[in-house]
Amino acid sequence: MSTQRRHLLELAPLSAHEITELLDLAESFQDISQRRIKKVPALRGMTVVLLFLEASTRTRTSFELAAKRLSADTLSIAGGTSSVVKGETLLDTARNLAAMSPDIIVLRHKHSGAPHLLARSLDASIVNAGDGGHEHPTQGLLDALTIRQHKKRIAGLKVAIIGDIAHSRVARSGIAALSKLGADVWVCGPPTMMPPGVESLGCRATFDRTTAVRNADVVMMLRIQKERMTEELFPSDREYSQRYGLDSGVLALARPDALVMHPGPINRGVELAPEVADGPASIILDQVANGIAVRMAVLYHCAGGGGGEA
Amino acid sequence: MSARTFIVGGRLICPATGRDEPGTLILAGPVVEAVEARTVGVPEGARVIDAAGCVVTPGFVDLHAHFCDPGEEHKEDLASGGRAAVRGGFTSVVVGAQTTPTNDTRAVTEMIVRRAASLSGCRVLPMGALTVGRGGRRLTEMFDLREAGAVCLGDGDLSVADAGLLRRALEYARAIGLPVFEHPEDRSLAGVGVMHEGVVSTRLGLNGVPAVAESAIVARDLTLCAATGARLHLGPISAAESVAAIRRAKADGLPVTCAVTAAHLHLTDEAVAAAYSPQLRSRPPFRAESDREALRQGLADGTIDAVTSGHRPQSPVEKELEFDLAEPGLAGLGSALGLTLRLVEEGGLPLMRALQALSTGPARVIGRVAAFTAGSPADVVVFDAGRRTRLSPGEALGRARNTPFLGQALPGEVRYTLVGGELRPAPAESAT
């Protein structure tokens, strides 16, 4: 690989070439998950710590399967069971883990920049599994891979990302990956959910759902995060769903072969109508399957790519 | 007759009188006796301080510092903060009311004044709280606070949210004769923000503090200042809109002053992007390039009265954390002179104006005198503008080391600081 990165903290600084190579690598790992024996010895003897200090089922299990299919030893620590609940700082928790010499620490954390804190303090490779409202780089990669597999290209596609852009790490990683690969990325949401200067991330912005969806090749719906404070961002689920949700009527504005994506978990009937979530345009479960291959590629790459300088 | 001190061979710069020429500064005990442009003979028995190659100027006055004493002495205390101050050239320091317990009663103010007199080395000038417990509900006993030694009234790093109460506080303070200090930040607009709201916060996925969180309070406070006629001081300010509003208010003749921290004259939100370094978390936040330019312009044209250290020490316990969780603030006493001189070096700011913003300007805000005129306090700093000081952990920073400028070589090296005619730190003390 042209640039060996020890950490994967964010997609924003990666080049199109680097992203493409990671996607190619992920594709090469994909068939492993289709075999009867779903395991290769690529990371045998390596230890991967899954430090998930914010609730997550999908991403944690995906990383865990990815590490195991590469024969790494895994250690999974979740927020509820960790000493963080006893008042230990993130850095102390991580230093204690680092004393056990893991090769890679995969971190999910509710505060932006937490992986950067570990990366500058520890020797292990740090993989960001989602940090606050910043980035979720493996989600961005798996979204790009899923689109590429269905459309055979990314350049020139119109991709609409709809929802709470301001607080979405999925949006930031998606914009970074897809815009670098040449997609025409649009973001859409009510003004309260649009961060200032969002265009500087590499996208176009609109408050109008129709403008975003019309002739889109891909419509990516973001989850309304009810667990966060959202009451001052929009008045009600009802109005949000009517103006910024995706149902079959709105989807009809997109290209006939448009794809519908969602990072999960879905709020059925809020951002996504059930008939769309379960309809033929939905590739949500493909995203989940590709997640494992992408995470295998990222772990393999950060571990040194089987011979590269780490 | 009290002991005389002759500071010889230096370049005397007094912003109060506009003097800038070689000469001898003569101190008589705790006050300035005279300034002699000619070479004068030093009488037998007088103390001589050699200032050859150095600038000799009135000691600096800091309007916004926090010594964390009483309450958070693990960060700083009256002794360590005082040492950091005099090593940075500051002879007077206004310490915020955000102590624990809050400095909202005569007893607390008296205790700070009394302990500082023996511990600090510099003049420690307490800010008395404007409202009880800084809670924004009830006025403090302001006459008492003044009698105990408070030089200004304010709720530390909070502004009074209730406009009705602030109006009454401004009115009442007129009888006290002390300025009201407001830290202009609307807490509902600042929300959960941790950095300047803009393109960089969008990129980093951090919650932003919009510039209007500051300028909305500035606008409200200026209106109340005009209505009440009370002396109002706003600071530290960070936003271009604030500078513009205060410039207009001053042109209208309002009794308003404002201050900026030395760090805000240099750092912008782009610095945060480097690696989410908690050392760059600040209140108010470091804002956009255009804001920094407006602050520099405001300093140059006199809209901004004072450059302060914004000294807010934190221990690693408060800083080695996620950006969202780290406490804001930097230890600024050791870098305020250097950062101000850097503006002079870069060519935008005359040295006279820079020193005015460090001494005469802030002194005037709190009704004090910083000048080389007969009878003025013998508070003097002697520094070598041609040398550089590398910021390293130690006494230059106080107890804390939370500064993004750690390891940088900043212009200027403080040689001597005299408070009331006495060398600080005392020579024996600095030898240990």
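Note on naming: letters A, B, ... go to the chains in the order of the sequence lines (proteins, then strands), and numbering restarts at 1 for each one.
One finds the CG atom of A/Leu90 at 8.5 Å from the CG atom of B/Leu321 (value rounded to the nearest 0.5 Å).
A/Pro196 approaches B/Glu197 most closely through the heavy-atom pair CG-CG, 3.6 Å. Taking each heavy atom of B/Ala275 and A/His116 in turn, the nearest pair found is O-CB, 4.2 Å. Closest heavy-atom contact between B/Leu206 and A/Ser112: CD2-CB, 3.6 Å. Residues B/Thr202 and A/Val198 come closest through the heavy atom pair CG2-CA, 4.1 Å. When all heavy atoms of B/Val199 and A/Gly197 are compared, the closest pair comes out as CG2-CA, 4.0 Å.
When ring centroids are compared, A/His134 and B/Tyr276 come within the 6.0 Å threshold.
Annotation: B/Arg137, atom CZ; neighbour count of heavy atoms from other residues, nucleotides and ligands within 6.0 Å does not exceed 12.
Taking the side chain as every heavy atom from C-beta outward, B/Glu320 and A/Thr89 never approach each other to under 4.5 Å. Inter-residue side-chain proximity for A/His167 and B/Asn207 is flagged as met; some heavy-atom pair is nearer than 4.5 Å.
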Stepwise, does the side chain to side chain contact (heavy atoms under 4.5 Å, CB included) test hold for B/Glu322 with A/Asp131? CA-CA 11 Å; B/Glu322 298 86 327; A/Asp131 64 326; over 6 Å; no
